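Report on one structure; see the data block that follows.
Chain A is the first sequence line, chain B the second, and so forth, proteins listed ahead of strands; every chain is numbered from 1. Every value quoted in this text rests on a predicted model; they were computed, and no experiment measured them. Computed from heavy atoms alone, side chains included, the values below leave out hydrogens, waters and symmetry copies.
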Amino acid sequence: MSVRTRFAPSPTGFLHIGGARTALYNWLYAKHHGGSFVLRVEDTDAERSTKASMQVILDGLKWLGLDWDEGPGVGGDFGPYHQSERVEIYDRYLAKLEASGHVYEDEGAIRFRVPDKLITVHDEICGDVSTNLKEQGSRRFNTETNEEEEANPDIVIKRPNGGYIFHFVNVVDDIEMGISHVIRGEDHLSNTPKHLALFEAFGVTPPTFAHIPLNLNPSGTKMSKRDQGALIHEYQESGFLPAAVNNYMALLGWSAKDDQEIFLPEELQSRFDLGGINKSNSKFDYDKCKWVNGEHLRQLSSTDLQDWAGPFLTRAGLPAGDARVPAALELSRERAQLLSEIPDVIATIFETVVTYDETSVAKVASQDDIANKLSALTSGLEGAESWDEVAIKSTITEAAQGVGVKMGALMLPCRVGVMGSTSGADLVPVLVLLGKPEVIRRLQEFSSQFG
RNA sequence: GUCCCUGUAGUGUAUCGGCUUAACACACCUGACUUUCUAUCAGGUAAGCCGGGUUCGAUUCCCGGCAGGGAUGCCA
């Protein structure tokens, strides 16, 4: 039997990291086993579902590269893929339950008669979990009175207004769409017995279930939109690479069982499987996520780096088309973890007026004999016959010897004078990139304040 | 309240009933690099929730407690 997984978001908000990670696991599992990944929109709650929200979710999945084999915009043999368009199917399934006496009406709603027996979920991750829905559902906790009250254990599957309820449509669609593996958040583990009861009522063998642990925020509670790293579109804006976000999300609850943590997309696909998923919830760590991104940044080809960084350069007001950009980007690779950090690292290369960092300048100004050092440096560089890294380095060394100091004593003033700050990309390559006249110009201008 | 899942350093994971001084990564701290650093290299701090039991031996298996999370909707 071929593997068919699905991601079934409800378009009532943004694409959340939890949802994205669920989508990723389903996608990876399908890809790993040569199966299909289906995208299904669970918009049965008309009041809360919006087109805009759907678009954000679709955009997020596309950005992450989690393409679906069937679903909105793609089609497929099991459509339509919006639940709001599948009402006839649900009506048909409801009729089956009516015919077999599994349902009854209750104040306009339709309830599914829950069996009075132990139902066991065979979960790939959590193991066997048993519940008796009738017993369990006949008591309900009232959050207002803080007391337990009697309740009807039979589950509502259709509202008085005609709308179908999640548990029912979810099961019907998984049957109709031939879903083989349901990989979803552990928050659904407690719902699964209800789903199994429905599968049984329909006389259908249920799919394989795998409930994955949840991702919590650093304080250990449910991630909310306000938590850093919660929303996928923000990753795009802050300069993350989709491959890195996928990599990091995969690591939250899954491991390759060895020391490898950085996975290229293809590697992730070939290495990922249910066996590597652990059971405990994890807390989101933004720093580690950024580190993963930095690692991916370093592995990018030059042309990919240019493609990804381009928009961020433009946004920062830098000339993305400048001939020196590719070389500058290479210099930035090791200093940046996010694409959005790149402009800061290399901006000085494209500036006509250098922005000086006060503390950096003060550091230089406090050096002994600084005017003399700077002039030795400037004239030394001015006299350099060639302008490559080797030549520049030896020129600076010679200039340093001339004034009786070590090379390092000139490097710092040179860095601050040319780049405006003690931090930034490697100095010598930047000098090469700027060209001799510009370097001399900057040094002279900088020196003038120490006359 | 009831039911379910989970509980290894701050965080994410690994290993394992004895072969371990419990490993790796991020973060943090220190040192080095006589070019800063947000880079690189080297080093360091830091963990088996608690209590019982099984066993020659348990972090690993079982039970209880506690803690965290989830469910308990005519939301999904």
Side-chain angles (χ1 to χ4, degrees), chain A residues 8-13 19 42-45 47-49 83 106-111 121 123 125-127 129-132 135-137 139-143 146-149 151 155-161 163-167 169-170 184-193 211 213-214 216 218 220-222 248 251-262 276 278-292 294 333-337 341 344-345 360 363-364 393 396 400 405-416 419 421-428:
Chain A
S10 178
T12 55
E42 306 224 330
D43 54 354
T44 53
D45 187 351
E47 310 234 322
R48 303 200 308 153
S49 303
Q83 290 186 330
D106 178 25
E107 296 179 2
I110 305 290
R111 283 186 187 268
V121 180
D123 192 272
I125 295 162
C126 305
V129 180
S130 304
T131 324
N132 182 318
E135 268 176 26
Q136 205 38 49
R139 295 180 302 275
R140 185 157 301 168
F141 191 64
N142 185 322
T143 46
N146 266 351
E147 276 171 20
E148 259 187 16
E149 32 189 60
I155 57 180
V156 172
I157 59 172
K158 191 178 187 183
R159 306 182 181 91
N161 72 8
Y164 285 99
I165 299 290
F166 161 72
H167 302 294
V169 293
N170 192 270
R184 54 178 17 168
E186 196 209 272
D187 48 341
H188 283 297
L189 184 58
S190 307
N191 289 147
T192 308
H211 288 91
L214 270 19
L216 309 172
T221 55
K222 211 169 182 176
Y248 180 68
L251 252 27
L252 245 28
W254 170 85
S255 82
K257 301 287 180 196
D258 57 21
D259 288 341
Q260 185 173 351
E261 294 200 299
I262 300 301
N278 65 301
K279 304 182 189 183
S280 54
N281 293 348
S282 53
K283 290 179 189 162
F284 183 84
D285 184 348
Y286 197 73
D287 281 331
K288 181 119 186 192
C289 187
K290 281 207 300 193
W291 172 77
V292 170
R333 242 190 233 270
E334 294 221 334
R335 310 283 160 157
Q337 289 188 318
E341 292 168 354
D344 259 4
V345 179
S360 298
K363 215 167 176 178
V364 169
K393 254 184 202 159
I396 295 178
V405 296
K406 291 171 188 165
M407 182 200 189
L410 286 194
M411 288 301 271
L412 188 67
C414 184
R415 166 179 286 279
V416 175
M419 298 175 65
S421 167
T422 56
S423 68
D426 256 358
L427 176 60
V428 179

Atom pairs, protein N/O to nucleotides 64-70 of chain B N/O, distance under 3.5 Å:
{"residue": "B:rG69", "atom": "O2'", "partner": "A:Asn281", "partner atom": "ND2", "Å": "3.0"}

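The environment of A:Glu149 atom CD is dense: over 12 non-hydrogen atoms of other residues, nucleotides or ligands sit within 6.0 angstrom.
At the heavy-atom level, A:Thr44 lies under 4.0 Å from the strands shown only through sugar-phosphate atoms. In this structure, A:Val292 reaches neither bases nor backbone, as no heavy-atom distance under 4.0 Å exists between it and the strands shown. Contact annotation for A:Glu107: base contact, defined as any heavy-atom pair under 4.0 Å involving a base atom. If you check every strand for non-hydrogen atoms under 4.0 Å, A:Glu42 touches sugar and phosphate atoms only. If you check every strand for non-hydrogen atoms under 4.0 Å, A:His167 touches a base. A:Gly253 comes within 4.0 angstrom of the backbone, heavy atoms only, and of no base.
Comparing atom distances between the A:Lys406 side chain and each of B:rA14, B:rU34, B:rG12 picks out B:rU34 as nearest. Out of B:rU2, B:rC75, B:rU72, the shortest distance to the side chain of A:Asn191 is found at B:rU72. Between B:rU2, B:rU6, B:rU11, one nucleotide has an atom nearer to the side chain of A:Ser280 than all others, and that is B:rU6. If you check B:rU13, B:rC3, B:rC24 against the side chain of A:Ser255, the one that comes closest is B:rU13. Picking from B:rC37, B:rG7, B:rG12 the nucleotide with the shortest atom distance to the side chain of A:Ser423 gives B:rC37. Candidate nucleotides B:rU40, B:rC26, B:rA76 were compared by shortest atom distance to the side chain of A:Glu334, and B:rU40 ranks first. Of all nucleotides listed (B:rC74, B:rU15, B:rU13), B:rU15 comes nearest to the side chain of A:Lys257.
Residues A:Thr12 and A:Arg48 approach most closely at CG2-O, 3.4 Å, considering heavy atoms.
Side-chain N/O atoms of A:Arg111 and base N/O atoms of B:rC74 include no donor-acceptor pair closer than 3.5 Å. A donor-acceptor contact under 3.5 Å is not formed by the side chain of A:Lys288 with the base of B:rA27.
In this structure, the side chain to side chain donor-acceptor pair (under 3.5 Å) partners of A:Asn132, at least two apart in sequence or on a different chain, are A:Asp116.
The ring of A:Trp291 does not lie on top of the base of B:rA25; it is either too far (5.5 Å or more) or too tilted (30° or more).
Of the possible polar contacts, one joining the A:Gln260 side chain to the A:Ile262 backbone as a donor-acceptor pair under 3.5 Å is found.
Comparing B:rU40 with B:rA9, their P atoms are spaced 27 Å from each other, to the whole Å.
Searching all strands for a Watson-Crick or G-U wobble partner of B:rA22 with both distances below 3.5 Å returns nothing.
With ring centers used as reference points, A:Tyr248 lies under 6.0 Å from A:Phe284.
Between A:Lys279 and B:rC5 there is no side-chain polar atom (N or O) within less than 4.0 angstrom of OP1 or OP2. A close approach under 4.0 Å does not occur between any side-chain nitrogen or oxygen of A:Arg335 and OP1 or OP2 of B:rU40.
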